[in-house]
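Residue numbers start from 1 in every chain, and the chains themselves are labelled A, B, ... in the order their sequence lines are given, proteins ahead of strands.
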2 protein chains.
Amino acid sequence: MKPINLKKLAQELDLSVATVSRALNDRYDISQATKDRVRALANKLNYEPNPYASSLRRQKSKTIGVVIPEVANHFFSLAINGIEEVARSNNYHVLIYLTHEDYQRELAMARLLASGRVDGLLVSVASESADFAHLEFLRERGIPIVFFDRVYDEMPTAKVTTDDFESGYKATRHLLEAGCRHILHLAVSQNLSIGRRRMEGYVQALADAGRPYEESLVLLARETKQQDVIQIQQLLEAHPEVDGIFASVESQAMSSYEACRNLGRSIPGDIKIIGFSNLEIAALLDPPLTTITQPAYSIGKEAAKILFLAISKNRVISPTQSLVLKSELVVRASTLPAPQAARPAYTLT
Amino acid sequence: MKPINLKKLAQELDLSVATVSRALNDRYDISQATKDRVRALANKLNYEPNPYASSLRRQKSKTIGVVIPEVANHFFSLAINGIEEVARSNNYHVLIYLTHEDYQRELAMARLLASGRVDGLLVSVASESADFAHLEFLRERGIPIVFFDRVYDEMPTAKVTTDDFESGYKATRHLLEAGCRHILHLAVSQNLSIGRRRMEGYVQALADAGRPYEESLVLLARETKQQDVIQIQQLLEAHPEVDGIFASVESQAMSSYEACRNLGRSIPGDIKIIGFSNLEIAALLDPPLTTITQPAYSIGKEAAKILFLAISKNRVISPTQSLVLKSELVVRASTLPAPQAARPAYTLT
DNA sequence: TTGTAAGCGTTATCAA
DNA sequence: TTGATAACGCTTACAA
């Protein structure tokens, strides 16, 4: 069954297509009587306007795009929740694109979005991406872009991030205060500014504590989780002095748990671990994981709000609209300082 | 800067719009020479066709919709991964709609999708939904629908599910074999066939073991996680005989852990727990959680494949294309039978 | 092999 | 207050 269109409604009502269109759009120049008649029939026949005809004519897609590295990740799925919420309340639709951290895919997606498919874009860039001409191109085409979390610093637009330097600093200082002397940093790609900032926080905290920064104690994520685990194990064996791990990526904290388990190192007895994470169940891990938790839902929501402000006002987004939200340090047993408390009773909070 | 369109290309090349269009679509009736000329300029100017004009004319949106209850849930985010993979390889775009288990939202979304916005739909219905007229309506409008996991049984289309009866049975029998006598079932809404099937498996396993089915030992999920925890605690206090929990919903297993912890019940000493879950870190929980794990990525992928078969062949989907994939029982410490092994050494696998 | 023109369904402009 | 008509950018008969 073909969908109803304006023409059919118009025929049925013995009105012109234009009048029907205006009635449905509640224009001032149509009489209440006809509006009522038109709406009644439209409802009865379940008329729904063809979005593409409308988009073509209005040059508005009523759609935004969300480009993220990954969706099977609590941070991004919470962010999507926030984004979807705002989009829905603006009667917008959401197209999802996953880059899987692959620059080529990000490039291909940018191409596809260049011709009006979306009215705006929320982007968290792939860690592989070093060149951003594809995003510049979209901006030149007039598509507003708001970055969140993994931002492309140089573009003069709004970015919603967290206090990554402070978080890296806090995390490292927390480990130092818990008695760690040799802290392994499982870092985010240094292509990304969040990676560099967290790293800077780490380095600064070490310096402030009079501890040396050792390049050999920094690892980047590999392709697969299994490779991460192996990589961490090898480093822990080569550097038995390591007594703390700061994971800047959620999955790396989990890999660290596995590596420690495989090597028979106790947490937090032998090694203390802190990780960036949005997993609700961090508290249920063995041992409960101390986390830096980002306000992922809010990040998505605020980024979307900024985007819709630009879309609705038809204005360029200014970098001054950028937002830096605060992450939270949630201390749990994986960084417990006292050796005698290495295995807290299960019934403790 | 306005995007380039066919007209501009045509002017520049001194060709007609039609010829340019045909050249770009690689039609047989255009000479290689012009094809080359056209493509060269299109590339140079970064021409990208307007998708909505094309959709309008071809009556094809090159877009599918995914309607799911929630994205911040490992099962669904893995399924999306599978879906996105297949969509991308078919050069399709993916619109995401989250119902948050709310029937009204599902209804509103169905309306929006009724007029050609998508060429097909992948749906996992909200647990609140009892009436499915909105989905029937979409089908009548000629939009192919494939259900996955949370299916609407009565519609004659393909459904991709897992062996829910068997899984419910296996989970319950596993608890019984581990020595449980009174098993609490944290069930999925009985509106949903997966809810009913898992329940039937639970009931059958009890019957086969000569155990009675007690209605009071079945709970449904509440609005919030906190409510779930409280509800479970209350039941455990009212029914101190409960020594096993079968959670048909991932989050309910976590709530059970919290409830047990709050009440000082040891797992698996006092209470053994098994849960449907796609969390990779089930093994890192305290204690590691025994799970029924669904092949979420494959479910998404297979459902999408069926949908694209229908879209590309322009054929109706037959219920006979339905697929039932197998879930896996992964035994871990949360259901360890022997009391002396209630707290396995940390270094054990 | 290429051009002309119609049409997809909607909205905007102008006239009545 | 309503109607006729053009236009959004693309594809496709049909003509040349």
Specify the residue among B:Asp29 and B:Ala53 whose closest nucleotide of DNA chain C lies further upstream toward the 5′ end.
->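 By nearest-heavy-atom nucleotide position, the 5'-most residue is B:Asp29.
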Which of these nucleotides, [options], is closest to any side-chain atom of [X]?
X: A:Ala18; options: D:dA4, C:dT10, C:dT2; answer: D:dA4
X: B:Arg22; options: C:dG3, C:dT11, D:dT11; answer: C:dG3
X: B:Leu6; options: D:dT11, C:dT11, D:dG9; answer: D:dT11
X: A:Leu56; options: D:dT11, D:dT2, D:dG9; answer: D:dG9
X: B:Leu15; options: D:dG3, C:dG3, C:dT11; answer: C:dG3
X: A:Tyr47; options: D:dG3, C:dG9, C:dT10; answer: C:dT10
X: A:Ser16; options: D:dG3, C:dT10, C:dT2; answer: D:dG3

Hey, does [X] reach any base, or is it just sugar-phosphate, or nothing, if we go heavy atoms under 4.0 Å?
X: B:Ser55; value: nothing
X: A:Ser21; value: base
X: B:Ser115; value: nothing

Distance below 4.0 Å between [X] side-chain N/O and [N] OP1 or OP2:
X: A:Thr19; N: D:dG3; result: yes
X: B:Ser31; N: C:dT2; result: yes
X: A:Gln32; N: D:dT1; result: no
X: B:Asn25; N: D:dT11; result: yes
X: B:Thr34; N: C:dT1; result: no
X: A:Gln59; N: D:dG9; result: yes

Atom pair distance, as rounded to whole Å: [atom1] in [X] and [atom2] in [N]:
X: A:Arg58; N: C:dT13; atom1: CZ; atom2: C1'; result: 15 Å
X: B:Arg27; N: D:dA13; atom1: CZ; atom2: C1'; result: 11 Å
X: B:Gln11; N: D:dC10; atom1: CD; atom2: P; result: 13 Å
X: B:Arg117; N: C:dC8; atom1: CZ; atom2: P; result: 20 Å
X: A:Lys62; N: C:dT11; atom1: NZ; atom2: C1'; result: 14 Å
X: B:Leu45; N: D:dG9; atom1: CG; atom2: P; result: 16 Å
X: A:Leu13; N: D:dT1; atom1: CG; atom2: C1'; result: 16 Å
X: A:Tyr52; N: D:dT11; atom1: OH; atom2: P; result: 15 Å

Is B:Glu302 salt-bridged to B:Lys305, cutoff N-O under 4.0 Å?
->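 B:Lys305 and B:Glu302: salt-bridged.
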Inspect the contact between B:Lys62 and B:Asp119 and indicate whether a charged nitrogen and a carboxylate oxygen are less than 4.0 angstrom apart.
->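 Salt bridge: no.
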On DNA chain D, check which nucleotide each of B:Lys7 and A:Lys35 is closest to and give me the residue with the more 5' one.
->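 It is A:Lys35 whose nearest nucleotide is closer to the 5' end.
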Checking [X] side chain against [Y] main chain: does a donor-acceptor pair fall under 3.5 Å?
X: A:Arg117; Y: B:Pro51; answer: no
X: B:Lys60; Y: B:Leu56; answer: no
X: A:Ser124; Y: A:Arg150; answer: yes

Please state whether the rings of B:Tyr152 and B:Phe132 are parallel, tilted or perpendicular, taking 30° and 60° as the class boundaries.
->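 It falls in the parallel class, under 30°.
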Base of D:dT11 paired with side chain of B:Arg57 (donor-acceptor, under 3.5 Å) |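 Side chain to base: pair found, below 3.5 Å.
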Working to the nearest 0.5 Å, report the span between CD1 of A:Ile311 and CG of A:Asn90.
->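 Spacing of CD1 (A:Ile311) from CG (A:Asn90) equals 8.0 Å.
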